[in-house]
Amino acid sequence: MIHAYNKTFLPEVQQNLGYACHFAINSCCVDTDSFFDFFIASKVAKEIEAGSPIFISGCSGTELALTIFDRIGYIPKKMEFDDESIMYNRSQEYWAGWILAYYQWFSGIRFSKIHENISLSQIVQMYHPLHEAPEEKFAEIMDDIIREKSRKQETNLQRLRKSAGLTQKELSELSGVNLRTLQQYETGAKDINMASGKSINALALALNCNFYEVMEI
């Protein structure tokens, strides 16, 4: 898995997205799921995925939320500021943003793809008991959710492999892509768009198709 930014920046991204959710929902009275919509529509999500320095380490959680509001032209009816450096009372909404940032980095799945499979309010409801569990446990549950929802929706890779008359094992051997990784790409548990160019090209050659046909674009 190739990550858009180094793991050393992840805690800051988690903290900022966590506080952005807390601030928007609790201090600005924005509907929980609407804020997830705003996050995607503003393109801030894409820039975090791409490792944009501005959003990885160049702004606070409050500034992150305000940038999202500004980009979509949203003006909150209410706005209360507090000291986000004081973390003694982290809310469920904070945790939801915090764990969402972790899962996106860990899995490489686009925020928009996550958004298609689960709402922010559903993540908030997972606070008990998962806020005390390792982050990997949340990742396992999210993988299961996405895998189950994707099971009935063929990915391009799955469709191309079937058309070529290949089993997953045969395609793995032909392309050199790890079988488990290949299976995760097919189910959507891992975002194939975040795979290395070498892996995508190897799959395309094995399937006798265009590089971009393998991707989900």
(message) Applying side chain to side chain donor-acceptor pair (under 3.5 Å) to Glu213 and Asn156, what does each step give before you reach the verdict?
(response) CA-CA 7 Å; Glu213 288 181 84; Asn156 290 338; over 6 Å; no
(request) Please lay out, stage by stage, how Phe138 and Phe106 fare under the test side-chain contact (heavy atoms from CB on, under 4.5 Å). (result) CA-CA 11 Å; Phe138 177 85; Phe106 175 84; over 6 Å; no
Side chains of [X] and [Y], heavy atoms from C-beta outward: is any pair under 4.5 Å?
X: Leu203; Y: Leu160; result: no
X: Asn117; Y: Glu148; result: no
X: Tyr19; Y: Trp98; result: no
X: Phe69; Y: Val30; result: yes
X: Leu17; Y: Phe55; result: no
X: Ile118; Y: Met142; result: yes
X: Leu157; Y: Leu182; result: yes
X: Ile145; Y: Ile141; result: yes

(request) For the pair Arg161 and Glu186, find out whether any cationic side-chain nitrogen is under 4.0 Å from an anionic carboxylate oxygen. (result)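 Between Glu186 and Arg161 there is a salt bridge, with a charged N closer than 4.0 Å to a carboxylate O.
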(request) Considering only NZ, NE, NH1 and NH2 on the basic side and carboxylate oxygens on the acidic side, decide whether Arg110 and Glu216 come within less than 4.0 Å. (result)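 Here Arg110 does not pair with Glu216 in a salt bridge, since their nearest N and O are not under 4.0 Å apart.
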Within a radius of less than 6.0 Å around [atom1] of [X], do more than 12 heavy atoms belonging to other residues, nucleotides or ligands occur?
X: Leu179; atom1: CG; result: yes
X: Asn208; atom1: CG; result: no
X: Tyr127; atom1: OH; result: yes
X: Phe211; atom1: CZ; result: yes

So which atom in [X] and which in [Y] form the shortest heavy-atom distance, rounded to 0.1 Å?
X: Asn26; Y: Ser91; value: ND2-OG, 3.6 Å
X: Ile192; Y: Ile200; value: O-CD1, 3.5 Å
X: Ala50; Y: Ala4; value: C-CB, 3.7 Å
X: Asp191; Y: Gly108; value: CB-O, 3.1 Å
X: Val177; Y: Ser199; value: CG2-O, 4.0 Å

If you take the centroid of each ring, where Trp contributes its six-membered ring, are [Y] and [X] closer together than 6.0 Å?
X: Tyr74; Y: Phe38; answer: yes
X: Phe39; Y: Phe111; answer: yes
X: Phe23; Y: Phe81; answer: yes

(request) Give the ring-plane orientation class for His131 versus His128, where under 30° counts as parallel, over 60° as perpendicular and anything between as tilted. (result)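 Ring orientation, 0 to 90° scale: perpendicular.
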(request) Hey, can you tell me if Phe36 and His115 have their rings parallel, tilted or perpendicular (30° and 60° cut-offs)? (result)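 Phe36 vs His115 ring planes: perpendicular.
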(message) For Glu47 and Val44: C-alpha separation, side-chain torsions, deciding distance, then whether side-chain contact (heavy atoms from CB on, under 4.5 Å) applies.
(response) CA-CA 5 Å; Glu47 292 186 43; Val44 169; 5.5 Å; no
(message) Tell me whether Leu130 shares a hydrophobic cluster with Tyr102, the cluster being built from Ile, Leu, Val, Met, Phe, Trp, Tyr side chains joined at under 4.5 Å.
(response)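 Yes, same cluster.
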(message) Same cluster or not: Ile25 versus Ile40, using hydrophobic residues (I, L, V, M, F, W, Y) connected whenever any side-chain heavy atoms lie under 4.5 Å apart?
(response)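 Yes, Ile25 and Ile40 fall within the same hydrophobic cluster.
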(request) Evaluate side-chain contact (heavy atoms from CB on, under 4.5 Å) for Ile99 paired with Glu135, printing each intermediate quantity in order. (result) CA-CA 7 Å; Ile99 199 67; Glu135 293 99 318; 3.8 Å; yes
(request) Could you please spell out the steps behind the side-chain contact (heavy atoms from CB on, under 4.5 Å) verdict for Val214 and Tyr185? (result) CA-CA 10 Å; Val214 177; Tyr185 288 150; over 6 Å; no
